[in-house]
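This report concerns only the one structure given below.
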Amino acid sequence: MEPGTPNVAQGGDEQVLIGVIGGSGLYHLDNLTFVKSVNPETPWGFPSSPITISSLPSGTQVAFLARHGIGHHINPSNVPSRANIAALKSLGVRVILAFSAVGSLREEIAPGSFVLPNQIIDRTKGIRPASFFNDTSVVAHTMFGDPFSEGLLRWLEPRVRKALGEAARVGGGEERRLFTGKCIVCMEGPQFSTRAESQMYRQWGGDLINMSVLPEAKLAREAELSYALIATATDYDSWRPHSEAVTAMEVFKTLKDNAETSRRVAATILDELQQAVTGADADLFLEEKGCMKFSIMPRSERQKPEDRQKLAFVLPEYFAGEEGVDVGSA
Ligand SMILES: CSC[C@H]1O[C@H](OP(=O)(O)O)[C@H](O)[C@@H]1O
Ligand SMILES: Nc1ncnc2[nH]cnc12
């Protein structure tokens, strides 16, 4: 696809409405039939990995993207999040389920727990391109008070809980706990936190820590996509005074089991999610649709046509066509 081409659904016969981003340890999904692999070039480059489009037995198609690339070769600071989100949107995706391996900042969130966070504290260092509008002549200030899709979180909670119960029954082992309404700190990395930082994040109200949720969540919002993070705890970071500070080795110990359970959860909920996104109550999920209308500053002659064309790739509703929509002035 030519970079700058406005988005069109390209997933095959069915429109691909659901995108899954796999994090550390989660490089593929299960119980799916491969349809095709696509690698769309976006105005922000290529995604982390080719995107695998597969179908569930029901025919529901899902787009899967490995955040750190197949073979995990991309550092968290270098994940091409703009290309990832733009590429998913270009396939017609409207809802993103993003998986992430996280450190726990709370005793009760033991390694192995699943968490649907609803808040983020940004501790990235400004070195990640965090907006589609960066370095363009178009200014936009996106609402981000509730950084995850509230409708999607409400829908996910009972389904993920049930899926975790089923995963334990089928796979054996203890049922994973699910926590909701938690706050995740996103740090720059790639080194882990110091003990002092880890304790400070707890005092700030942080419950979890990772290196990946930003700018991914911000970009999903700018692209008007519903986005939720399914976080799986791998370790206790470095705040516990009498425990070893987190090491990659410790994280790797739980990654495989967490990924296995994540795959079971995905396999259990994806069909129902597709039905919900296409059903009568779809508006509950697609609350983000239209959110940029009043975030983009009104059109002026200072906005360069080439910038508007670039932005049309992710927001064709505002920037495609000769005139585009005169947003912000309604
Ligand atoms: C492997 S430890 C740190 C690494 O793991 C998490 O990745 P992801 O969010 O993609 O699962 C964390 O954010 C760090 O990037
Ligand atoms: N302790 C930790 N800090 C940052 N990212 C993580 N991902 C998994 N564990 C982590």
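Note that ligands are numbered from 1 as they come in the structure, with each ligand's atoms numbered from 1 the same way.
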When only distance counts, is Ala101 in polar contact with ligand 1, meaning an N/O pair under 3.5 Å? yes
Numbering the atoms of ligand 1 from 1, which are under 4.0 Å from a heavy atom of Pro76? 15 (O)
Which protein non-hydrogen atom lies closest to atom 5 (N) of ligand 2, naming both residue and atom, and how far is it? Asn210 CA, 3.4 Å
Less than 4.0 Å between a side-chain N and a carboxylate O, is that true for Arg82 and Glu216? no
Around atom 6 (C) of ligand 2, find the nearest protein heavy atom and jot down its residue, atom name and distance. Ile209 O, 3.7 Å
Atoms of ligand 2, numbered as shown, that sit under 4.0 Å from any heavy atom of Asp237: 1 (N), 2 (C), 3 (N)
Hey, which atoms in ligand 1 end up nearer than 4.0 Å to a heavy atom of Ser100? 8 (P), 9 (O), 11 (O)
Considering heavy atoms of the protein only, find what lies nearest to atom 2 (S) of ligand 1 and give residue, atom and distance to 0.1 Å. Val251 CG1, 3.8 Å
Relative to the heavy atoms of Gly23, which atoms of ligand 1 are at a distance of less than 4.0 Å? 8 (P), 10 (O), 11 (O)
Per-atom filter on ligand 2: closer than 4.0 angstrom to a heavy atom of Met187 are 4 (C)
Between Arg159 and Glu272, does any side-chain N to carboxylate O distance fall below 4.0 Å? yes
Proximal atoms of ligand 2 relative to Asp235 (non-hydrogen, under 4.0 Å): 1 (N), 2 (C), 8 (C), 9 (N), 10 (C)
Check this for me, if you would: do Lys218 and Asp122 make a salt bridge, where the nitrogen-to-carboxylate-oxygen distance has to be below 4.0 angstrom? yes
Proximal ligand 2 atoms for Thr234, defined as those under 4.0 Å from one of its heavy atoms: 8 (C), 9 (N)
Nearest protein heavy atom to atom 15 (O) of ligand 1, by residue and atom, and its distance? Ser212 OG, 3.4 Å
Pair Lys293-Glu317, side-chain contact (heavy atoms from CB on, under 4.5 Å): steps then yes or no: CA-CA 9 Å; Lys293 187 164 166 63; Glu317 36 294 74; over 6 Å; no
Of all the atoms in ligand 2, which lie at a distance below 4.0 Å from a heavy atom belonging to Phe192? 1 (N), 2 (C), 3 (N), 10 (C)
For ligand 1, find out whether one of its N or O atoms is nearer than 3.5 Å to an N or O atom of Met211. yes
Would you please test Asn31 and Leu56 for side-chain contact (heavy atoms from CB on, under 4.5 Å) and show each step? CA-CA 7 Å; Asn31 295 336; Leu56 285 108; over 6 Å; no
Under 4.0 Å, heavy atoms only, figure out whether ligand 1 is touched by the backbone of Asn210, its side chain, both or neither. both
Is it true that atom CD of Glu107 has more than 12 heavy atoms of other residues, nucleotides or ligands lying nearer than 6.0 Å? yes
Does Phe132 have its ring centroid less than 6.0 Å away from the ring centroid of Trp44? yes
So which heavy atom in the protein is nearest atom 7 (N) of ligand 2, and how far is it from that ligand atom? Ala101 O, 3.0 Å
Counting from 1 in the order shown, the ligand 1 atoms closer than 4.0 Å to a non-hydrogen atom of His68 are 7 (O), 8 (P), 10 (O), 15 (O)
Taking NZ, NE, NH1 and NH2 as the nitrogens, is one of them in Glu288 or Arg94 under 4.0 Å from a carboxylate oxygen of the other? no
Protein heavy atom at shortest distance from atom 10 (C) of ligand 2: Gly103 N, 3.4 Å
Can Glu306 and Lys310 be counted as an ion pair, charged N to O under 4.0 angstrom? no
Derivation and outcome, side-chain contact (heavy atoms from CB on, under 4.5 Å), residues Leu105 and Tyr236: CA-CA 6 Å; Leu105 300 173; Tyr236 276 119; over 6 Å; no
Backbone, side chain, both or neither: what part of Arg67 comes under 4.0 angstrom of ligand 1, heavy atoms only? side chain
Side chain to side chain donor-acceptor pair (under 3.5 Å), that's the test. Do Arg177 and Ser113 meet it? Break it down for me. CA-CA 5 Å; Arg177 288 187 71 185; Ser113 303; over 6 Å; no
Lys/Arg N to Asp/Glu carboxylate O, Glu157 vs Arg161, below 4.0 Å: yes
Which of these, Ser24, Gly25, Gly189, has its nearest heavy atom closest to atom 5 (O) of ligand 1? Ser24
